[in-house]
A.B. asks: 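I have a structure here, written as structure tokens, and I will follow up with some questions on it.
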Number of protein chains: 2
Amino acid sequence: MTDPTAPGPLAATAALMADPARARMLAAMMGGEALTAGELARIAGVVPATASGHLARLAEGGLIVVHAQGRHRYHRLASEEVAAVIETLGGLAARIAPLRPWKHGDAARQSRLCWNHLAGRLGVALHQRLTGEGWLTPVSGGWTASAEGRTRLAATGVDLDQAMKAARFACDCMDWSERRPHLAGGLGKEIASAWLTRGWLRRLPGAGDADVLARRRIAVTPDGARGLREGLGLDAA
Amino acid sequence: MTDPTAPGPLAATAALMADPARARMLAAMMGGEALTAGELARIAGVVPATASGHLARLAEGGLIVVHAQGRHRYHRLASEEVAAVIETLGGLAARIAPLRPWKHGDAARQSRLCWNHLAGRLGVALHQRLTGEGWLTPVSGGWTASAEGRTRLAATGVDLDQAMKAARFACDCMDWSERRPHLAGGLGKEIASAWLTRGWLRRLPGAGDADVLARRRIAVTPDGARGLREGLGLDAA
DNA sequence: ACCCTGCTTCGCCCTGCCCCGAAGCATCGC
DNA sequence: GCGATGCTTCGGGGCAGGGCGAAGCAGGGT
């Protein structure tokens with residue numbers, strides 16, 4: 001039998017997220033960008049030395065991966081699965097917290113990124129539109145696109161073939177603010193990155209209000225609003 | 001602006017799961033039963049006084065609810081959402097943990113309960129069978145059942161109407177051991193409870209091997225194997 | 001070559017909290 | 001009534017670990 005006093009994997013992994021500074025770092029990385037240790041230190045509100053220790057633990061725990069480049073070290077979440085856990089846990093926390101220094105009434109429902117795909121109002125609306133019209137239908141372990149869905153998405157700059165190739169089993173990620181699924185997986189990533197590079201979406205500076213929203217806010221540009229309306233019949237209010 | 005040193009809801013909630021004793025308690029409650037403080041103390045491997053403190057914190061944090069009855073106090077998970085978070089986090093932890101006192105190779109994939117519905121091999125197989133035959137199709141925020149699916153399920157003792165009534169948005173819960181969705185929500189609950197009372201499934205004592213599997217193991221009885229084969233064409237190996 | 005910047009390692013302090021034993025309340029059985 | 005059981009609150013001890021400053025080690029610019 002194993003040591004009964006051992007933490008166990010669940011507690012060990014939870015402990016990695018249980019520190020305020022580390023939680024802020026993880027929340028910041030939910031924007032999908034790779035951030036340097038210095039940036040993360042500032043975000044977390046600790047001195048670089050402390051941040052370095054935290055990042056080492058997160059990396060050793062497998063929650064983040066580090067990419068050294070020159071004298072910078074870039075940190076990002078290790079996988080979509082890690083992002084999903086943080087998203088889910090953050091949603092539960094936000095709904096549970098009776099102590100409410102964090103108004104999750106309105107700001108939290110805004111459109112945002114969840115690791116590398118769209119979440120919030122926009123993410124959910126997109127998911128409903130695509131599945132509601134039958135352009136996309138879930139099958140066990142992935143998606144199939146109708147011919148119309150394929151051309152519609154292509155018109156918005158989404159390379160469906162490449163997305164499908166990478167679309168290892170596209171869970172629809174549960175959106176905690178809207179309580180409906182949004183589009184994750186390879187397809188979600190492809191859509192978000194296509195629209196970001198096309199200038200239909202842009203990142204908002206997003207202040208420093210930590211935790212669930214740090215560095216994750218996005219907005220639809222006028223171009224994007226027009227494109228989504230014409231291409232998908234989606235009203236991005 | 002709020003106090004920048006405040007833990008934040010994410011860290012606070014994660015901290016509740018970050019203690020070994022509390023994690024063991026939560027894992028035990030994943031079996032769906034309401035457990036007394038004494039049982040949980042024994043499971044967690046701590047003295048009743050310590051367990052009482054932990055349970056108070058879990059309750060105050062909204063992860064569990066307490067139901068006093070006579071001189072016993074029964075504790076269970078507060079919601080399906082809490083269960084989903086624990087399941088997801090446990091899955092991530094099990095796959096990440098490079099330190100492996102916890103073999104998650106085989107035992108973890110066994111059929112088990114996830115809060116109040118089926119998970120593991122059986123849960124995933126069931127989900128695939130029901131959706132694969134078109135008996136159940138996901139629609140935005142729930143399910144619809146075909147006529148054939150309705151009669152098939154009714155034949156196994158599942159009251160579909162009642163299930164649907166309670167089937168507030170049946171996310172398919174992601175199964176971490178099989179990496180495929182299984183059936184959660186009101187329908188998943190109804191199926192599991194129907195088959196448990198009918199004697200098609202039974203709980204396994206489940207040793208005390210804590211964390212992800214404590215008190216969650218189930219097995220298909222000979223009766224159940226026959227019923228599932230005849231009723232649903234499902235081979236419960 | 002020089003310095004500057006970004007990051008890490010080290011040593012120390014100190015808070016938080018996990019644990020237990022003892023005592024205090026409830027509830028049930030007799 | 002009485003004692004037994006289940007659980008809680010209280011006080012004290014001990015350890016993990018989070019925080020910082022100082023020093024060390026890269027990589028880059030000039």
Side-chain angles (χ1 to χ4, degrees), chain A residues 3-8 10-26 28-29 33-61 63-76 99 210, chain B residues 3-8 10-26 28-29 33-61 63-76 99 210:
Chain A
D3 175 15
T5 70
L10 200 164
T13 306
L16 289 176
M17 312 182 186
D19 175 80
R22 284 198 296 267
R24 281 191 286 267
M25 293 179 177
L26 290 171
M29 287 187 250
E33 296 170 295
L35 301 170
T36 68
E39 289 174 303
L40 288 166
R42 239 173 303 117
I43 290 170
V46 292
V47 93
T50 307
S52 180
H54 284 312
L55 291 169
R57 292 186 63 180
L58 289 174
E60 199 219 359
L63 294 192
I64 66 173
V65 290
V66 190
H67 174 64
Q69 183 175 337
R71 58 179 163 183
H72 295 282
R73 303 194 62 176
Y74 290 94
H75 303 77
R76 58 182 179 80
L99 34 125
Chain B
D3 175 14
T5 70
L10 201 164
T13 307
L16 289 176
M17 312 182 185
D19 175 78
R22 284 196 297 266
R24 280 191 286 266
M25 292 178 176
L26 290 171
M29 289 186 247
E33 297 170 296
L35 301 170
T36 68
E39 288 174 303
L40 288 165
R42 239 174 304 117
I43 290 171
V46 292
V47 91
T50 307
S52 179
H54 284 311
L55 291 170
R57 292 185 62 180
L58 289 174
E60 199 218 358
L63 294 193
I64 65 172
V65 290
V66 191
H67 174 65
Q69 183 175 336
R71 58 179 164 184
H72 296 281
R73 302 195 62 178
Y74 289 94
H75 304 77
R76 58 183 176 79
L99 33 127

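Naming: A, B, ... by sequence-line order, numbering from 1 per chain.
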A.B. asks: Picking from B:L58, B:L40, B:L63, B:L26, what satisfies side chain to side chain contact (heavy atoms under 4.5 Å, CB included) with B:H75?
C.D. replies: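 Testing B:H75 for a side chain to side chain contact (heavy atoms under 4.5 Å, CB included) against B:L58, B:L40, B:L63, B:L26 leaves exactly one candidate, B:L40.
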A.B. asks: Over how many whole Å does the gap from B:L55 atom CG to C:dC17 atom P extend?
C.D. replies: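 Rounded to the whole Å, the gap is 17 Å.
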A.B. asks: Between C1' on D:dG17 and CD on A:E60, what's the gap in Å once rounded to a whole number?
C.D. replies: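 The answer, rounded to whole Å, is 15 Å.
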A.B. asks: How close or far is atom C1' of D:dT5 from atom CZ of B:R42, stated in whole angstroms?
C.D. replies: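 About 13 Å, once rounded to whole Å.
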A.B. asks: Give, for atom CZ of B:R57 and atom OG of B:S52, the distance between the pair rounded to the nearest 0.5 Å.
C.D. replies: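 Rounded to the nearest 0.5 Å, the CZ-OG separation comes to 12.5 Å.
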A.B. asks: Would you indicate which nucleotide in C:dT9, D:dG6, C:dC20 comes nearest to any side-chain atom of B:H72?
C.D. replies: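 Looking only at heavy atoms from C-beta outward on B:H72, the closest nucleotide is D:dG6.
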A.B. asks: Nearest to the side chain of B:V47 - D:dA4, C:dG21, D:dA22?
C.D. replies: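 For B:V47, the side-chain atoms sit closest to C:dG21.
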A.B. asks: Indicate whether OP1 or OP2 belonging to D:dG18 is found under 4.0 Å from a side-chain N or O atom of A:T50.
C.D. replies: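 For A:T50, the contact criterion (side-chain N or O under 4.0 Å from OP1 or OP2 of D:dG18) is not met.
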A.B. asks: Quick one: are A:I43 and A:M25 in side-chain contact, heavy atoms under 4.5 Å?
C.D. replies: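 A:I43 vs A:M25: side chains apart.
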A.B. asks: When you match B:A56 and A:G45 each to their closest nucleotide on DNA chain D, which lands nearer the 5' end?
C.D. replies: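 Closest to the 5' end, via its nearest nucleotide, is B:A56.
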A.B. asks: Are A:Y74 and A:V66 side-chain neighbours, meaning at least one heavy-atom pair lies under 4.5 Å?
C.D. replies: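 When only atoms from C-beta onward are counted, A:V66 and A:Y74 do not touch, as no gap falls below 4.5 Å.
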A.B. asks: Choose from D:dG28, D:dG19, C:dC7 the nucleotide whose nearest atom is closest to any side-chain atom of A:T36.
C.D. replies: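 Looking only at heavy atoms from C-beta outward on A:T36, the closest nucleotide is C:dC7.
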A.B. asks: B:I64 and side chain to side chain contact (heavy atoms under 4.5 Å, CB included): which partner among B:R76, B:M29, B:R22?
C.D. replies: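 Single pass found, and it is B:M29.
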A.B. asks: To the nearest Å, how far apart are B:L16 CG and C:dG16 C1'?
C.D. replies: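 Computing the B:L16:CG to C:dG16:C1' distance gives 15 Å.
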A.B. asks: Could you tell me how far apart B:M25 (CE) and D:dC7 (P) are, to the nearest whole angstrom?
C.D. replies: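 From B:M25 CE to D:dC7 P: 11 Å.
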A.B. asks: Using a 4.0 Å heavy-atom cut-off, does A:A37 contact any base of the nucleic acid, only the sugar-phosphate backbone, or nothing at all?
C.D. replies: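 Contact class for A:A37: sugar-phosphate only.
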A.B. asks: To the nearest angstrom, how far is B:Y74 atom OH from D:dC7 atom C1'?
C.D. replies: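 Between C1' of D:dC7 and OH of B:Y74: 13 Å.
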A.B. asks: Choose from D:dC7, D:dG19, C:dC18 the nucleotide whose nearest atom is closest to any side-chain atom of B:R73.
C.D. replies: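 Of D:dC7, D:dG19, C:dC18, D:dC7 is nearest to the side chain of B:R73.
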A.B. asks: Toward the 5' end of DNA chain D, which comes first, A:Q69 or A:V46, by nearest nucleotide?
C.D. replies: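 Result: A:V46.
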A.B. asks: Just N and O in the side chain of B:R22: are any of them under 4.0 Å from OP1 or OP2 of C:dC18?
C.D. replies: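 Yes, B:R22 has a side-chain N/O under 4.0 Å of OP1/OP2 on C:dC18.
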A.B. asks: Which of the following nucleotides, D:dG28, D:dG18, D:dA4, is nearest to the side chain of B:R71?
C.D. replies: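 Closest nucleotide among those given: D:dA4.
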A.B. asks: Return no unless some side-chain N or O of A:H54 is found under 4.0 Å from OP1 or OP2 of D:dG19.
C.D. replies: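 The answer is yes; a side-chain N or O of A:H54 sits under 4.0 Å from OP1 or OP2.
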A.B. asks: For B:R57 and D:dT9, what is the distance between atoms CZ and P respectively, to the nearest whole Å?
C.D. replies: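 One finds 14 Å between P of D:dT9 and CZ of B:R57, rounded.
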A.B. asks: What nucleotide, of D:dT8, D:dT5, D:dG18, holds the atom closest to the side chain of B:A49?
C.D. replies: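 Selected nucleotide (nearest to the side chain): D:dT8.
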A.B. asks: What is the distance, to the nearest angstrom, from the CG atom on A:D19 to the C1' atom on C:dT15?
C.D. replies: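 Taking atom C1' of C:dT15 as the reference, CG of A:D19 is at 13 Å.
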